[in-house]
Amino acid sequence: MYELVRESAGRVLEKARYICLNRQKLADFAATIDPREIQKRYTYEDDFHLLETAHNPELQLDYVMTVDAINFGSGFSPLWKAQFPRQQSLYMTVASGLKRYVEQGGKLDASFAASVTPTRLAELFGVSVDFPLMAMFAESLNQLGNWVMAEYGGSYAGLLNRLTGEKPAAELIGLLAQKLSCFDDSALYHGEKVYFLKRAQILANDLYLAFEGKGYGRFPDIAHLTMFADNLVPHVFRIEGALEYDHDLLARIEKGEALEAGSLEEIEIRAAGIVCVEEVTNLLGNGLFPAMVDVYLWHLGQAARYKSYLRHLTRTYFY
Ligand SMILES: Nc1nc2c(c(CN[C@H]3C=C[C@H](O)[C@@H]3O)cn2[C@@H]2O[C@H](COP(=O)(O)O)[C@@H](O)[C@H]2O)c(=O)[nH]1
C-alpha cells in the first residue's frame with residue numbers, strides 16, 4: 001500500500017500545475033539537517049503522549065489506536081486555537097487530552113470508540129459540543145470501534161494479532177484503507193486514483209514508536225512507509241524555498257481560505273510533501289527512512305519560523 005502512495009505522488013508531481021519543486025533549494029535545506037538530530041527526535045514523546053507500554057501494553061495500544069483515529073482536524077486549527085490559545089499544536093492538545101482521560105481512569109478501548117458521541121468528546125476535550133470536529137472525531141472512532149467489535153472480538157489486540165505476514169505495516173494500512181472510509185485517504189487526480197493513506201501510515205509509525213518495534217509495534221517494514229501527508233511538512237518545504245506555490249494559490253492560503261479536499265491544489269501540495277521527504281531521505285542517507293525524516297520535520301515545523309505563516313487549511317478526515 002505504501003508503494004501506491006510513493007508511486008502516485010511521483011505521478012502527481014510530473015503533472016503538477018500549482019506546485020513545483022526547487023531541487024537546488026531542497027538540497028540546500030537537506031544540507032542544514034543533522035542526521036543525528038533526526039535519530040534523536042524519532043521517539044514517542046511522553047510530554048504529551050501516554051507512554052505506559054512497559055506496564056500496560058493493552059492500555060498503550062488502546063491509546064495509540066484512539067489518537068490516530070482522530071489525528072486530523074488541521075483544517076480547523078484556527079478555530080481550535082481560539083479555544084486553546086496557549087496550545088500551539090492541535091495534535092498535542094488532542095494527544096494530551098486523551099492522555100489525561102486515561103490517567104483519570106477513562107478507558108479508550110474498542111467499545112469506547114464504538115459508542116462515543118460528539119457530546120462525550122466535547123466534554124473530554126473541553127470544547128463546545130457544536131465544535132464541528134467533535135462529530136467528525138466521533139464518526140471516525142465509531143467506524144473503527146464497530147469494525148473491531150464485529151471482526152476482531154472487540155479488542156485492538158485482536159486486530160494486531162491477525163497481522164501475520166512479513167509486511168505487517170502494509171497489511172494494517174491496507175485493511176484500514178479498505179474497510180474504513182475515514183482511513184481511506186485517497187483521491188482522483190485528473191481521473192486517476194492517487195493515494196496518501198496518512199493516518200493509516202502514521203498509526204503504524206506511532207505503534208512502532210510507542211512499542212519500540214516490538215510486540216504491538218513489530219513492523220519490520222517500517223522503513224517502507226512514506227511521509228505522513230499533512231499540512232505542516234509541505235509548508236516547511238515552502239518556507240525553505242524547496243516548494244514554490246502558484247502565486248494566486250499562495251495568496252488564497254495566506255488569506256486563510258480553505259482548500260477543498262480532493263482539489264487539484266490540495267492533492268499537489270500533499271504529493272509534493274511526499275516527494276520532498278523521499279528526496280531529502282535519499283540525500284541524507286545514514287540509514288534514515290521517510291517516517292523518521294517526517295517526524296523530525298513536523299517537530300521542526302512547530303517553530304515560529306514556520307508557524308507564523310498560515311499553512312493550507314482543508315477540512316477533512318485525513319489530516
Ligand atoms: N506529517 C506529520 N503530521 C503529523 C504528525 C503528528 C504527530 N506525530 C507524533 C506522533 C508520534 C511522534 O512522536 C510525533 O511527534 C501530527 N500530524 C498532523 O499535524 C497536523 C496537526 O498539526 P499541529 O496543528 O501542528 O498539531 C494534523 O494534520 C496531524 O494529522 C507527524 O509526526 N507527522
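Start at 1 and go down the list; that is how both ligands and their atoms are numbered. Atom set for the values below is all heavy atoms of this structure, side chains included, hydrogens, waters and symmetry mates excluded.
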What are the two closest non-hydrogen atoms of A204 and L225, and how far apart are they?
CB-CD1, 4.4 Å
Would V233 count as a polar contact of ligand 1, with the cut-off being nitrogen or oxygen pairs under 3.5 Å?
no
Quick one: nearest non-hydrogen protein atom to atom 13 (O) of ligand 1, plus distance?
E45 OE1, 2.5 Å
May I ask you to identify the nearest protein heavy atom to atom 25 (O) of ligand 1, giving residue, atom name and distance to one decimal place in Å?
K307 NZ, 2.6 Å
Examine L203 and L4 and state if one hydrophobic cluster contains both, with Ile, Leu, Val, Met, Phe, Trp and Tyr joined whenever side-chain heavy atoms are less than 4.5 Å apart.
yes
Say whether, by atom type as modelled, one donor and one acceptor occur between the side chain of S8 and the main chain of V5 under 3.5 angstrom.
yes
Which residue and heavy atom of the protein sit nearest atom 19 (O) of ligand 1, plus the separation
W298 NE1, 3.0 Å
Quick one: pull up OH in Y306 and CZ in F237 and give me the separation to the nearest 0.5 Å.
9.5 Å
Please list, in number order, the atoms of ligand 1 under 4.0 Å from a heavy atom of H299.
14 (C), 15 (O)
Any heavy atom of T43 sitting closer than 4.0 Å to ligand 1?
yes
I need the nearest protein heavy-atom contact for atom 26 (O) of ligand 1: residue, atom name and distance, please.
S89 OG, 2.5 Å
Is ligand 1 less than 4.0 angstrom away from at least one heavy atom of L297?
no
Nearest neighbour in protein (non-hydrogen) for atom 9 (C) of ligand 1
Y91 CE2, 3.9 Å
Could you find the nearest protein heavy atom to atom 32 (O) of ligand 1 and give me its residue, atom name and distance?
D294 OD1, 3.7 Å
Shortest protein heavy-atom distance from atom 11 (C) of ligand 1, along with the residue and atom involved:
D206 OD1, 3.2 Å
Which residue owns the protein heavy atom closest to atom 30 (O) of ligand 1, what's the atom, and how far is it?
K198 NZ, 2.4 Å
